[in-house]
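Reviewing the structure listed below.
A, B, ... follow the sequence lines: proteins, then strands. Residue 1 opens every chain.
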Protein chains: 2
Amino acid sequence: MNPHEESRCENCIIRELNALRSLKKEELKAISDSKVSRTIKKGESIFKEGEKLNGVFCVRDGVSKLSKLSENGKDQIVKIASKGEVMGQRSLIAEEAANLSAVALNDMQLCFIPKENFTESLSKNPEFIQALLKNMAHELKMADDVIVNMAQKTVNQRVAGILLYLDTHFGTDADGYLSLVLSRNDIADVVGTATELCIRTLTKFKKEGLIETEGKRIKISDREGLDQLWEGV
Amino acid sequence: MNPHEESRCENCIIRELNALRSLKKEELKAISDSKVSRTIKKGESIFKEGEKLNGVFCVRDGVSKLSKLSENGKDQIVKIASKGEVMGQRSLIAEEAANLSAVALNDMQLCFIPKENFTESLSKNPEFIQALLKNMAHELKMADDVIVNMAQKTVNQRVAGILLYLDTHFGTDADGYLSLVLSRNDIADVVGTATELCIRTLTKFKKEGLIETEGKRIKISDREGLDQLWEGV
DNA sequence: CGTGCGTTTGAGAGGGGTCAAGTTGGGTGG
DNA sequence: CCACCCAACTTGACCCCTCTCAAACGCACG
């Protein structure tokens with residue numbers, strides 16, 4: 001195997017974005033030898049809640065939604081994972097089945113890192129654990145904030161919120177449209193409401209001059225306005 | 001200082017309930033020498049969101065609510081911490097200000113462990129980090145579940161949910177009333193609704209024979225019924 | 001050229017928020 | 001011990017938000 005191959009973990013830049021950056025040369029080599037790179041097409045499932053994971057998935061390119069099915073039969077999107085993020089680590093750490101399902105929102109490139117490599121580093125590399133710990137601490141804060149927003153903000157505010165989130169995290173294309181295009185249904189699943197209400201909110205925003213739309217693509221025309229809405233002014 | 005004193009960490013049973021159980025003898029001694037035991041009365045504040053914490057609080061007795069103020073001016077209770085739980089560790093790990101405020105729900109006994117001791121063990125004791133990591137992983141799962149419930153369940157269901165939670169986590173007294181007594185306002189803040197609606201829901205439950213009340217105390221008379229409500233049957 | 005999925009709009013019912021007005025109950029000072 | 005007071009609790013009324021069912025529309029794909 002060619003050690004200079006681009007697909008080798010030692011040479012992967014993505015690593016710098018997450019806790020895997022703390023891994024040592026030998027660990028990376030071991031992972032590189034056993035990891036599996038995979039291409040996932042838009043809409044395909046990566047893993048499902050309740051499934052026992054035997055490794056983690058490092059997102060090399062593309063975006064995935066992490067959702068959970070509620071008892072009322074509706075999906076709730078809890079998190080959106082993109083380049084550099086590692087999916088499934090929580091389950092492996094807690095030694096539990098996956099709590100969320102992961103589905104690709106567009107074409108993705110993933111690296112699957114087997115459980116053994118992950119737990120090996122987990123038990124032997126203190127810096128790696130530290131990095132992971134810090135990562136989880138951050139995720140926990142985010143989750144707490146989401147709880148507050150879900151409980152206290154209206155659908156209007158939450159829709160404004162996700163538009164702002166998509167803008168700051170994924171940016172816009174040349175025409176100013178949000179780069180990450182979600183279906184109305186997915187937006188509704190993030191916001192935690194019915195698709196119809198989500199659509200109505202968007203048309204209302206359009207009427208008020210906050211956004212423009214072209215098909216399912218959305219352009220933010222008044223960020224200030226959305227910000228104020230989000231903050232409840 | 002008497003090493004057999006009950007207040008010494010080495011002899012503290014509470015420790016077994018959390019990640020501190022992984023600490024070594026010397027670490028415990030060091031902590032014991034610098035820790036501060038504190039008594040907090042019902043309603044008193046332990047720390048506030050935005051505050052820089054210089055240590056963690058180990059709950060030796062009593063119960064605390066961890067809440068966050070939403071922009072609309074209402075408090076959202078995110079978590080209820082009781083005997084054996086450690087408050088503030090997330091902030092210290094992430095090296096951030098506190099994201100939540102902690103207020104005592106009844107009289108409490110706390111041990112304050114200075115930042116230095118905590119971070120010292122954090123950087124030197126792999127077992128301790130592992131335990132912490134697992135703990136955070138579990139909290140993260142809980143938080144994700146709360147997000148789904150907040151987004152997808154009705155107020156009725158969420159009120160039923162917290163009653164069941166109080167029952168399983170804090171039990172009942174001799175008369176069958178829930179041991180942990182919350183004000184209607186606190187219940188509303190957990191559920192994420194207005195106090196009035198919370199009260200109305202409770203009176204409805206009473207009319208339906210699911211619960212009985214005496215003052216602010218609540219007795220569950222039909223656990224099955226609440227379970228079914230919670231699960232959306 | 002249909003067929004199916006995603007999107008959009010309408011209308012009605014019920015849930016939930018809010019304001020305002022009582023009521024209770026526990027604590028305090030006389 | 002009683003009277004008082006304040007905070008917590010309770011209830012009513014009203015209106016807006018949100019959910020749901022239903023139907024029409026567009027677009028892509030076979």
Original post:
For the pair made of CD in Q76(B) and P in dG17(C), what is the distance, rounded to whole Å?
Top reply: 11 Å
Original post:
Would one find a side-chain N or O of T195(A) under 4.0 angstrom from OP1 or OP2 of dG6(C)?
Top reply: no
**OP:** Could you tell me whether the side chain of R158(A) has a donor or acceptor atom within less than 3.5 Å of a complementary atom in the base of dT18(D)?
**Re:** no
Original post:
What is the distance from CD of E214(B) to C1' of dA8(D), rounded to the nearest Å?
Top reply: 17 Å
Subject >> Value in whole Å for how far the P atom of dT8(C) lies from CG of L202(A) >> reply: 8 Å
Subject >> I199(B) CD1 to dC19(C) P, straight-line distance once rounded to whole Å >> reply: 16 Å
Subject >> For atom CG of N72(B) and atom C1' of dG17(C), their distance in whole Å >> reply: 11 Å
Subject >> Nucleotide nearest K74(B) when distance is taken to its side chain, options dT20(D), dT18(C), dT11(D) >> reply: dT18(C)
Original post:
Whole Å only: how far is the CG atom of L197(B) from the C1' atom of dC19(C)?
Top reply: 15 Å
Subject >> Closest to the T154(B) side chain, choosing from dG16(C), dT18(D), dT18(C) >> reply: dG16(C)
**OP:** Can you sort out the partners of D227(B) under salt bridge (Lys or Arg N to Asp or Glu O under 4.0 Å), two or more places apart, ordered by chain and number?
**Re:** R223(B)
Subject >> Note, H138(A) side chain near N135(A) side chain (heavy atom, < 4.5 Å) >> reply: no
Original post:
In whole angstrom, what separates R200(A)'s CZ from dA24(D)'s P?
Top reply: 16 Å
Original post:
Which heavy-atom pair separates I187(B) from C198(B) by the least distance, and what is that distance?
Top reply: CG2-SG, 3.6 Å
Original post:
For the pair made of CD in E196(B) and C1' in dG12(D), what is the distance, rounded to whole Å?
Top reply: 11 Å
**OP:** Report yes or no: do K153(A) and N72(B) form a side-chain donor-acceptor pair below 3.5 Å?
**Re:** no
Original post:
Is the phosphate of dT10(D), meaning OP1 or OP2, less than 4.0 Å from a side-chain N or O of R184(B)?
Top reply: yes
